Protein chains: 2
Amino acid sequence: MKLYEKVLEGLVHRIDQGYYQVGSKLPSIRVLSQESQVSISTVQEAYQRLEEQGYAEVRPKSGYYVKPRGDLPDLPEVSRPAQRPLEVSHWEQVYHLLNNAKGNGYVALGTAMPEIDTPTLKPLMKSMTQAAANASDSFLNYSDIHGSEFLRQQIARLALASGCKLHPDEIIITSGCQEALVCSLRAVTKPGDIVATDSPSFYGSTQAIKALGLKALEIPTHPETGISIEALEMALDQWPIAAIQVTPTCNNPLGYTMPEPRRKELLRLAQQYDLPIIEDDIYGDLYYKSPRPRTIKSFDEEGRVLLCSSFSKTIAYGLRLGWVAPGQCTERVLHKKFVSTVSSPPVQQQAVAEFIANGYYERHLRKMRAQYKVARDMTIDLIKRYFPEGTRISYPEGGYLLWVELPIEVDTVKLNKCLEDRKISIAPGVIFSASGKYRNFLRLNFAKKPDEEIRAALQELAKQALLLMEQA
Amino acid sequence: MKLYEKVLEGLVHRIDQGYYQVGSKLPSIRVLSQESQVSISTVQEAYQRLEEQGYAEVRPKSGYYVKPRGDLPDLPEVSRPAQRPLEVSHWEQVYHLLNNAKGNGYVALGTAMPEIDTPTLKPLMKSMTQAAANASDSFLNYSDIHGSEFLRQQIARLALASGCKLHPDEIIITSGCQEALVCSLRAVTKPGDIVATDSPSFYGSTQAIKALGLKALEIPTHPETGISIEALEMALDQWPIAAIQVTPTCNNPLGYTMPEPRRKELLRLAQQYDLPIIEDDIYGDLYYKSPRPRTIKSFDEEGRVLLCSSFSKTIAYGLRLGWVAPGQCTERVLHKKFVSTVSSPPVQQQAVAEFIANGYYERHLRKMRAQYKVARDMTIDLIKRYFPEGTRISYPEGGYLLWVELPIEVDTVKLNKCLEDRKISIAPGVIFSASGKYRNFLRLNFAKKPDEEIRAALQELAKQALLLMEQA
């Protein structure tokens with residue numbers, strides 16, 4: 001074996017074992033030559049071969065970096081949910097997910113929690129501490145039912161980035177996006193109504209559909225372009241649909257971002273059938289590229305779009321701060337919000353408003369977007385390495401959620417059960433469907449760059465999936 | 001005029017003008033003798049006459065105190081609401097109340113906000129600041145959907161004082177009592193159902209009845225003993241009632257505290273008709289005497305009572321922290337809570353749990369109960385002094401809300417309108433009824449001991465009421 005081959009072998013080994021992860025910088029030629037006690041030219045030779053073999057890529061004036069290996073895995077196919085309105089089930093699985101997400105020792109691969117361990121949140125802590133110390137002006141006192149005007153002003157300013165011109169008075173602060181979604185649903189439907197949704201779809205909104213006595217009509221959805229306009233149009237002809245609910249940007253869980261022309265088509269369809277659209281934009285600010293996509297709301301001149309969002313995914317879940325711009329339905333949504341919780345805690349509103357007003361939010365977003373993008377590539381790389389052949393993965397352009405399709409033999413509810421002893425939890429596919437579809441799918445969180453613990457959990461997950469396949 | 005008569009006249013003048021308020025200590029004999037430059041025995045003579053005239057009372061080893069003048073005013077009569085289920089209206093009036101309650105320069109006589117300017121809340125501020133500074137462990141992170149276990153343990157301990165043995169797992173933390181009430185209502189009814197309520201009744205729950213597509217059947221309610229068991233039984237025979245909702249302790253707005261035998265009768269009736277009771281105990285810990293009354297829940301061995309409460313009235317509104325012990329319905333309420341807001345902010349939960357665990361909550365309660373009792377007598381005294389003849393007032397044994405019946409000619413919605421220019425707001429009676437009753441009633445907050453501003457506002461209110469009577 002030639003000297004450069006030995007060096008090359010060592011590098012490949014370290015990459016395969018994950019010591020050097022996808023996207024990370026490899027040792028400089030000088031350092032590696034000292035470490036391996038070989039010449040500069042030997043190391044250069046090794047790196048060239050490493051690049052040729054697809055392990056590394058060179059970045060000018062920077063050095064060699066670990067490259068995602070080979071092509072991307074296939075995307076999941078267009079979903080084919082049941083072609084009729086259905087009652088929503090699978091609450092037990094949702095409950096299991098939520099209960100094993102909290103800090104009770106689980107490696108919670110299935111949650112949708114952002115990374116909160118970042119210095120860019122320090123200024124928020126400072127604002128929060130100040131607001132908490134200022135009792136009578138802030139944290140103990142009344143906040144009006146619309147929410148803090150200061151915060152609504154900041155949200156209106158941020159909305160410009162998605163092409164939306166909102167007046168602060170058109171915005172209602174809610175207790176998380178969940179309250180925004182459910183108050184919107186309540187405002188535009190009555191029990192027994194049918195709501196058309198993308199499929200797979202966020203379990204919080206499908207469970208709301210269940211709780212409100214509504215039925216979900218899941219529409220086939222493409223993993224890159226989103227809800228099928230054609231299928232939706234057919235459904236609108238066939239069923240008395242009362243509202244359309246979609247998450248067009250950095251979709252949860254499927255990852256797609258709907259192209260702008262399709263957003264306009266969707267709006268036109270809603271106009272044609274005179275229907276409201278509930279647009280969930282909770283991950284919209286986490287789109288990796290700039291500018292972020294325009295919301296459907298931004299094209300809506302009639303106020304038929306109820307735009308829902310929150311800071312749970314972009315800042316932190318524990319804030320429980322969301323908002324809704326309900327267009328024509330503002331008065332009705334305000335009544336629903338009053339009945340639901342009256343108003344939201346003033347201290348979080350004050351702290352977040354300051355965080356945004358001082359430019360810290362945008363700085364935080366820039367950092368998180370970059371970090372999530374790197375984590376996406378690293379996580380996909382690990383899945384490709386560990387998971388059974390035939391695994392398909394979504395390829396999100398924002399956020400931190402992957403939608404993973406395992407071979408048909410793997411029931412992810414069973415898989416979750418197998419992983420329970422090992423204190424690993426996933427989000428099984430069935431909770432993202434009213435019709436019990438997606439039994440061999442799971443949602444995976446990559447907010448944290450995969451560390452040893454996560455790598456081990458993914459390996460264990462893959463191992464259990466293979467065992468289930470053998471048993472099948 | 002004798003010397004003691006001059007001193008007496010001065011004292012009476014000062015009491016009438018409110019320099020010395022009901023319940024406050026009068027100057028000591030020594031001080032007044034020096035001030036007035038008369039002998040000790042002259043002052044003693046003056047004080048004796050003052051006592052004889054009913055202005056003052058002597059407290060052994062303490063001195064003379066201003067006494068509420070004369071008898072108490074009459075109580076409002078037993079309410080006679082419409083004898084059929086009705087849809088709830090008057091949201092506009094509720095909205096007006098909420099909007100003019102915030103710190104925009106109004107003297108908000110109508111809100112139900114507690115006094116938060118008290119040193120006994122200092123330890124809470126400290127806990128809150130610490131929790132806010134501890135970002136990753138607390139304010140940014142996930143709280144499970146049941147709510148903080150630490151807080152639920154504290155609530156279970158406190159519940160013992162009302163005779164309730166609750167396990168922490170039977171308690172669900174909510175975003176204020178409103179969420180507890182509305183999730184409870186959702187868990188035990190379906191749209192179109194009839195809910196029996198006391199009358200007058202808290203507008204938050206009647207508006208929830210409206211929003212859920214339910215109908216309210218208001219039951220005649222006695223200002224001292226609460227909802228009429230006899231009338232309720234008749235209603236249960238006549239209508240397919242799905243649930244009973246009451247606030248039996250320190251009722252809002254009527255002020256009654258239901259005697260224990262009647263609580264048991266109410267529970268027996270619920271058993272007989274196999275109905276759930278939603279028991280709102282939000283003011284229960286503010287009962288002036290010790291021990292506080294037992295909740296209906298404490299007699300319930302079948303889990304048919306859904307006990308709702310919060311810290312909004314006992315600590316501060318801005319916390320937005322409530323809880324519910326839903327008995328048999330725990331699973332269903334948990335689903336409603338998840339759909340409504342998923343979970344409540346962890347930072348407030350942590351701070352309040354610490355506040356309770358360290359004994360500060362009970363100390364705070366002791367102080368507030370005593371303060372509210374004094375404020376009640378002072379406020380009733382002012383109403384007697386200023387308000388038109390024929391005014392009737394409730395006599396609550398806890399909390400800080402009065403229910404005031406003005407002469408029949410005074411429409412309190414109109415009165416509220418007249419007061420708007422003067423930046424005074426009240427809670428008009430109509431919002432406490434589904435049937436548009438109580439047009440000449442209003443609810444009055446006495447959480448703050450009446451200062452100059454409140455005295456002036458009450459005088460202005462009385463003046464406008466008299467003007468409305470003249471115009472009628």
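Numbered from 1 within each chain, the chains take letters A, B, ... in sequence-line order. Small disclaimer: the values here were computed from a predicted structure and weren't measured.
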- Which atom of A/Ala132 lies closest to which atom of B/Ala132, heavy atoms considered: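 The pair with the smallest heavy-atom distance is CB-CB, 4.3 Å.
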
- If only atom types and distance count, is the side chain of B/Gln178 paired as donor or acceptor with the main-chain N or O of A/Val339 below 3.5 Å?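 Yes, the answer is positive, given that a donor and an acceptor are paired below the 3.5 Å cut-off.
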
Where does [X] contact chain A at under 4.5 Å (heavy atoms): side chain, backbone, both or neither?
X	answer
B/Leu319	both
B/Val182	side chain
B/Pro191	side chain
B/Arg332	neither

- Task: State, yes or no, whether a side-chain contact exists between A/Glu179 and B/Val342 at a heavy-atom distance under 4.5 Å.
- Result: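 The answer is no; the side chains never approach within 4.5 Å.
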
- Task: Please examine the side chains of A/Arg320 and B/Ser343, heavy atoms only from C-beta on, and report whether any two atoms are closer than 4.5 Å.
- Result: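 Yes, close enough: below the 4.5 Å cut-off.
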
- For chain B, the option from A/Ser340, A/Ser127, A/Ala208, A/Ala180 that forms the most heavy-atom pairs under 4.5 Å: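 Ranked by contacts with chain B, first place is A/Ser340.
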
- Under a 4.5 Å heavy-atom cutoff, which of A/His146, A/Met128, A/Lys190 has the most pairs with chain B?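 The option with the most such pairs is A/Met128.
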
Heavy atoms only, distances under 4.5 angstrom: which of [options] has the most pairs with chain A? Name it, please.
options	result
B/Lys122, B/Lys336, B/Gln207	B/Gln207
B/Gln348, B/Lys126, B/Glu331	B/Gln348
B/Ser175, B/Ala351, B/Gly213, B/Pro345	B/Pro345

- chain B-proximal positions within residues 309-316 of chain A [heavy-atom distance under 4.5 Å]: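 The residues closer than 4.5 Å to chain B, in numerical order, are A/Ala316.
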
- When rounded to the nearest 0.5 angstrom, what is the spacing between CH2 in B/Trp91 and CZ in A/Phe338?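 So the CH2 of B/Trp91 and the CZ of A/Phe338 are separated by 5.0 Å.
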
- Task: Supply the atom-to-atom distance B/His335 NE2 to A/Lys210 NZ, rounded to the nearest 0.5 angstrom.
- Result: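 Between atom NE2 of B/His335 and atom NZ of A/Lys210 there are 5.5 Å.
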
- Query: Between A/Leu181 and chain B, which part of the residue has a heavy atom less than 4.5 Å away: side chain, backbone, both or neither?
  - Reply: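 No part of A/Leu181 comes within 4.5 Å of chain B.
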
